[in-house]
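So the structure is just underneath, and the comments pick up after that.
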Amino acid sequence: TLPCLPGARPCIPKDFGHGSPVCVCNATYCDTLDPLVLPAPGSYVKYESSKAGKRLEWSEGKFQSSLRTPGSATGGWRCHHRTARHHGLSRALPAGLLLTLNISTLYQHVKGFGGSLSDAAAMNILKLSQPAQDNLLRSYFSESGIEYNLIRVPMACSDFSVRPYSYDDIPNDYELKHFRLVDEDVKMKV
């Protein structure tokens, strides 16, 4: 297995002919990011990817304190984007783009970030060699990766399954006497 390396490792792009390259991750290499450093108060960091070739391109900006948020009697922050400083690029956001945050009202708490582990994803991961699996999972969950801490697992089949299935196909079985996990759950999800 590969050690967790500090610092970014660049994307090695591979194009499968559909005009949207992906980054190679195999038994010997996966791209990584620099360790995340929280920005100073009043600042933000943005990572942007695009079909045009951006791969988690880093840029930063500062929020400008405002006496009052438009439409509110309370204070807030206004975002003024600085130009990107990544690989010698210098681009600003489109003129007129303004983000206004009302810091006095919180609607939700963020528990974390993650993705979905569907049957299709699990089948593809299991087709990889063990070193490639380790590398891929490290790129998602470790400090040298994107540090996912949540995973959503569909209950029974989804549109990313190879066949339709449920956990109890017996009509009127309200006591779930026939409830059973299926092979997909036991081999790929649990």
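Heavy atoms only: backbone and side chains are in, while hydrogens, waters and symmetry mates are out.
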Decide whether [X] and [Y] are clustered together by the hydrophobic rule: side chain heavy atoms of Ile, Leu, Val, Met, Phe, Trp, Tyr closer than 4.5 Å, transitively.
X	Y	value
I146	I151	yes
L136	M123	no
V153	L126	no

Checklist entry - How would you list all residue pairs meeting side chain to side chain donor-acceptor pair (under 3.5 Å) that involve residues 121-133, not counting sequence neighbours? => result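 Checked against side chain to side chain donor-acceptor pair (under 3.5 Å) - neighbours excluded - the pairs reaching residues 121-133 are Q130-D134.
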Salt bridge (charged side-chain N to carboxylate O under 4.0 Å, His left out): which pairs involve [range], sequence neighbours left out?
range	value
residues 172-183	E175-K177
residues 146-172	R163-E184
residues 103-114	none

Checklist entry - Mind checking what makes side-chain contact (heavy atoms from CB on, under 4.5 Å) contact with C23, not counting sequence neighbours? => result C11, D31, R55
Checklist entry - Taking only residues two or more places apart in sequence, or in another chain, which ones meet P39 in a side-chain contact (heavy atoms from CB on, under 4.5 Å)? => result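 Expected list: S43, V45.
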Checklist entry - Do any pairs count as a ring-ring contact (aromatic ring centres under 6.0 Å, His included) and have a residue in residues 170-190, sequence neighbours left out, and if so which ones? => result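 Every pair satisfying ring-ring contact (aromatic ring centres under 6.0 Å, His included) with a residue in residues 170-190: Y167-F179.
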Next on the checklist: Taking ring-ring contact (aromatic ring centres under 6.0 Å, His included) as the cut-off, I'd like each qualifying pair that reaches into residues 126-165, sequence neighbours left out, listed once.
Outcome noted: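 Sorted pair list: Y140-Y148.
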Going by side chain to side chain donor-acceptor pair (under 3.5 Å), name the residues that satisfy it together with [X], two or more places apart in sequence or in a different chain.
X	result
Q108	none
S161	D119
Y107	none

Distance in Å, [X] [atom1] paired with [Y] [atom2], rounded so as to fall on 0.5 Å steps:
X	Y	atom1	atom2	value
E60	K46	CD	NZ	11.5 Å
I170	L176	CD1	CG	11.5 Å
Y29	S139	OH	OG	11.5 Å

Next on the checklist: Testing the basics here: between A156 and S166, what is the closest heavy-atom pair and its distance to 0.1 Å?
Outcome noted: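 A156 and S166 have their closest heavy atoms at CB-CA, 3.8 Å.
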Next on the checklist: Restricting to non-hydrogen atoms, name the atom on A27 and the atom on P131 that form the minimum distance, rounded to 0.1 Å.
Outcome noted: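 So the two residues come closest at CB-CB, 3.8 Å.
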Checklist entry - Backbone N or O of N26 within a donor-acceptor pair of the N135 side chain at under 3.5 Å? => result yes
Checklist entry - Going through the distances and angles, do T32 and R138 end up as a side chain to side chain contact (heavy atoms under 4.5 Å, CB included)? => result CA-CA 10 Å; T32 59; R138 187 180 309 113; over 6 Å; no
Item to check | Residues that, via side-chain heavy atoms closer than 4.5 angstrom, fall in one hydrophobic cluster with V37 | outcome: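 V37 clusters with nothing; isolated.
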Checklist entry - Is F16 close to V22 at the side-chain level, that is, under 4.5 Å between some pair of heavy atoms? => result yes
